[in-house]
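This report refers to the structure that appears directly beneath it.
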Number of protein chains: 2
Amino acid sequence: MPTPPLNSSPESKSADAFAPSREASKEITVRFNNAAVEEKVPEKVNIREVARQAGVSVATVSMVLNASPRISRSTHIKVQKMIDKMGYRPNRLAQSLSGRYTQVVAVMLPPLRHAFADAYFGEILSGIADRAGKLGHKLLIEQAKPQFVKEGKHLELYERRFVDGVLCLGFNEKHSFLSDFAARRYPMILVDNRFGDNLLDYVHCDYRLGAQQAMNCLLQLGHRSIGMVYAAPESPTARDVVETYTSSLVAAGITPSEHWLVDGCFTDEGGAEATRILLSRDPQISALLCGNDKMALGAIRYLTTHGHRVPDDVSVVGFDDIQHLAYANPSLTTVHLPLYELGVLACEKLVERIRGKVEHVAEVLPTHLVLRESTGMMRSLRS
Amino acid sequence: MPTPPLNSSPESKSADAFAPSREASKEITVRFNNAAVEEKVPEKVNIREVARQAGVSVATVSMVLNASPRISRSTHIKVQKMIDKMGYRPNRLAQSLSGRYTQVVAVMLPPLRHAFADAYFGEILSGIADRAGKLGHKLLIEQAKPQFVKEGKHLELYERRFVDGVLCLGFNEKHSFLSDFAARRYPMILVDNRFGDNLLDYVHCDYRLGAQQAMNCLLQLGHRSIGMVYAAPESPTARDVVETYTSSLVAAGITPSEHWLVDGCFTDEGGAEATRILLSRDPQISALLCGNDKMALGAIRYLTTHGHRVPDDVSVVGFDDIQHLAYANPSLTTVHLPLYELGVLACEKLVERIRGKVEHVAEVLPTHLVLRESTGMMRSLRS
DNA sequence: AACCGTTGTTAAAACAGTTTACCATTCTTG
DNA sequence: CAAGAATGGTAAACTGTTTTAACAACGGTT
């Protein structure tokens, strides 16, 4: 019975109802109107058939396929011609079964409702997809729902030979299952974060540098009471920002206050609410550093709808530089993260890992501040 | 923005459960430094080994795996126990090679720069991913770059046995390669569009119904000069909206004008520019129907930054109901498309197709208008 | 002429499952 | 009580590649 094995769910019942269509071999004739128009569905051709037709052995065809130097030029041409003529395409299941690699990598996303629609993930994913394509790899996507992880499906990905490696996006130190990858020595790169004491391979953006630049900017504009809307204290890179924020204040001779720090949960609404709390705690606040653009947008929305002008009364800086926000009103000053490039790099490093490179991967990509309209000089300093 | 929270994560314990497997089989010792730290990597175990240990034939283990009714209860239990004990996981490359299915479906996205970060695609993808998971299928993602299609990689997907079927998102009649799927009779479902004269299997939202409701709303509010920001005239569903818009006007005794129609390219900026053109052509326009939310947002942005109040001067209706826009200011009245459900349905239908069901798939999901703040009564009618 | 390397090709053994045809038992039934 | 039908299990063939060891043919040394 060819119906799905293992993970059959209630749904597979209805599937059984469909007659397991017998393999209609040879070619299928498709009928349009009453004329029998030949629409040849290419007969399934395998390496044996090609070898027979070309008058060589199966091994030879295989070696031609893999451009082995042991094949003479003349044989190569002869076989290649037959391959083209027959429209032969090697079955990659057989290739992977017999070979070492599947040429597939997985991307794991966190179980957020809108993980697939997220600009942040999307940008990284673009980079991953482009590089994976160039390296001849396919991309599998998975959302790491709690159930998924609990059932060990993240390990099954390797053990059942679905993929050669995994890229993990949007996870942090709270996600302890990540250490499973290290324990089994399966190729995995954590993207835009670190984990444990360099336990895992990672690539991430330089959040410290970005935060430093953002703070320098705000301080130079004369701001002294600067609030911060952070998020995910479990995330090392998110902590980098908070730490840099604090140390920048100290370096400028300002005493950081616990009251200037509020969690905005990385969401638009969270950013708005955090801003409300911050201003109620300290109305003197004239600038806000936000952990991502979504929260910055929420902050601006709250401010403008509650009688505060941006940037005249309060300056706002974000993090991410997600697209289409340059058009917001006012447009957002933000720390640009090279997310596309990060995706490219992550994919590259993962493939190196898969191919046997052993060095620990720990790359950090530079960030920079993009000055737009949401920041301005401190009120009292203006002429 | 790195790390969003993982919904409920008491995984700290379950993770330990995966770590070192105390399997009965042989184990590999990995050495760190000079201390011999035991890190048991599970020895690769195959079906033959399981059969030997359980004292049955390979065929029996296979049948247990696939829950064949030909296996007695007692044998089933005995073998299953050994499977669990040895931590055996069937190699799915071998399974797919000898079986009929790969249990993988591909999602093809159009070659837009931000296809992965798009709220519209993301929502559909969520539905697809959820249902695919439940049906025991993995998801492959591909972006149909021109080069990709030119090289016939979309067909290679089937012919090299990467996938059993494909879901196509964001394509229209201009994308002629879509007919290749039909010609080869490969399972494919076109999502949220039609193609040719029902040449392809499809599922889409009821754009006519949505447009009808939107127009009824605007007309009932007293609007007579209604502009439309459309996009992608090559897309049948997009044409549905324009046609419904036109016929609604006619039905209301209004003569539609060519000047009321401008292409907004589905983008934010396009929507803004289209709005500029529309108002310059006819300053009387008091309402806009936009082909998607992004263009509607662009329209609102243009209007509010050019001295037109929304909805006091101009009402705006969108299409899609993408998340986080309910918070926009003013919040957007829009036609809700059941995109998540569409993804679920598409995936379901595709899997039925793969399993041999032959009926033509042509499903249309109902839509409805969501009234928010961007629409209001025609100026002159207000008291 | 015997020996040694190359060079190019091949047969056969993996890879890890599913499926089929057949073979014992045991259970009905005339 | 023998014939026929279930029942439960197995050996072997099959899926389509890669890889390895062996080998033939040939030119170049001693």
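Sequence lines set the chain letters: A, B, ... in the order given, protein chains first and strands last, and positions in each chain run from 1.
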Quiz item: At under 4.0 Å between heavy atoms, what does Arg73(A) touch on the DNA or RNA strands: base, sugar-phosphate, or nothing?
Solution: nothing
Quiz item: Using a cut-off of 4.0 Å on non-hydrogen atoms, how would the nucleic acid contact of Ser72(A) be classed: base, sugar-phosphate, or nothing?
Solution: sugar-phosphate
Self-check item: Nucleotide of dG17(C), dT17(D), dT10(C) approaching Tyr88(B) most closely (side-chain heavy atoms)
Solution: dG17(C)
Practice problem: Using heavy atoms to find the nearest nucleotide of DNA chain C for Met63(B) and Asn91(B) separately, return the residue whose nucleotide is more 5′. | Solution: Asn91(B)
Quiz item: Base, sugar-phosphate alone, or nothing: which one does Ser62(A) contact when heavy atoms must sit under 4.0 Å apart?
Solution: base
Quiz item: Are a donor atom and an acceptor atom from the side chains of Tyr186(B) and Glu159(B) found within less than 3.5 Å of each other?
Solution: yes
Quiz item: Would you say the base of dT10(C) and the side-chain of Ser57(A) have a donor-acceptor pair closer than 3.5 Å?
Solution: no
Quiz item: Looking at dG8(C), dT18(C), dG16(D), which one has an atom nearest to any side-chain atom of Val58(B)?
Solution: dT18(C)
Quiz item: Nearest-Å distance, CG (Asn46(B)) to P (dA14(C))?
Solution: 13 Å
Quiz item: Rounding to a whole Å, what distance do you find between Leu65(B):CG and dA16(C):P?
Solution: 15 Å
Quiz prompt | Donor-acceptor pair, side chain of Arg353(A) and main chain of Lys357(A), under 3.5 angstrom | solution = yes
Practice problem: Figure out the CD/P separation between Gln103(A) and dT18(D), and round it to whole Å. | Solution: 11 Å
Quiz item: Looking at the side chain of Ala59(B), which of dG17(C), dA11(C), dA11(D) is the nearest nucleotide?
Solution: dA11(D)
Quiz item: Ile47(A) has an atom CD1; how far is it from atom C1' of dA14(C), in whole Å?
Solution: 15 Å
Quiz item: Out of dT10(C), dG17(C), dG16(D), which has the shortest distance to the side chain of Ser98(B)?
Solution: dG17(C)
Quiz item: Taking 4.0 angstrom as the limit, do Lys349(B) and Glu352(B) come out as a salt bridge?
Solution: yes
Quiz item: Is a donor-acceptor pair below 3.5 Å formed from side chain Arg161(A) to base dA16(C), judging by atom type as modelled?
Solution: no
Quiz item: With sugar-phosphate meaning primed atoms plus P, OP1 and OP2, does Leu93(B) contact a base, only sugar-phosphate, or nothing at under 4.0 Å between heavy atoms?
Solution: nothing
Self-check item: Side-chain donor-acceptor pair present, Gln80(B), Asp84(B), cut-off under 3.5 Å
Solution: yes
Exercise. For residues Phe116(A) and Phe116(B), establish whether the separation of their ring centroids is below 6.0 Å.
Key: no
Practice problem: On DNA chain D, check which nucleotide each of Arg100(A) and Val56(B) is closest to and give me the residue with the more 5' one. | Solution: Val56(B)
Quiz prompt | Separation of dG8(D) C1' from Ile77(B) CD1 (nearest whole Å) | solution = 15 Å
Self-check item: Spacing of Gln95(B) atom CD relative to dT19(C) atom C1', expressed in whole Å
Solution: 14 Å
Exercise. For Arg48(B), report the nucleic acid contact type (base, sugar-phosphate, nothing); a contact means any heavy atom under 4.0 Å.
Key: base
Practice problem: Return yes if the base of dG17(C) and the side-chain atoms of Arg92(B) contain a donor-acceptor N/O pair under 3.5 Å, otherwise no. | Solution: no
Quiz item: Which whole-number value in Å describes the distance from Tyr101(A) OH to dT18(D) P?
Solution: 15 Å
Quiz prompt | Salt bridge flag under 4.0 Å for residues Glu142(A) and Lys138(B) | solution = yes
Quiz item: Nearest to the side chain of Thr75(A) - dT18(D), dT10(D), dG8(C)?
Solution: dG8(C)
Exercise. Mind calculating the distance between CG (Leu97(A)) and P (dT17(D)) to the nearest angstrom?
Key: 12 Å
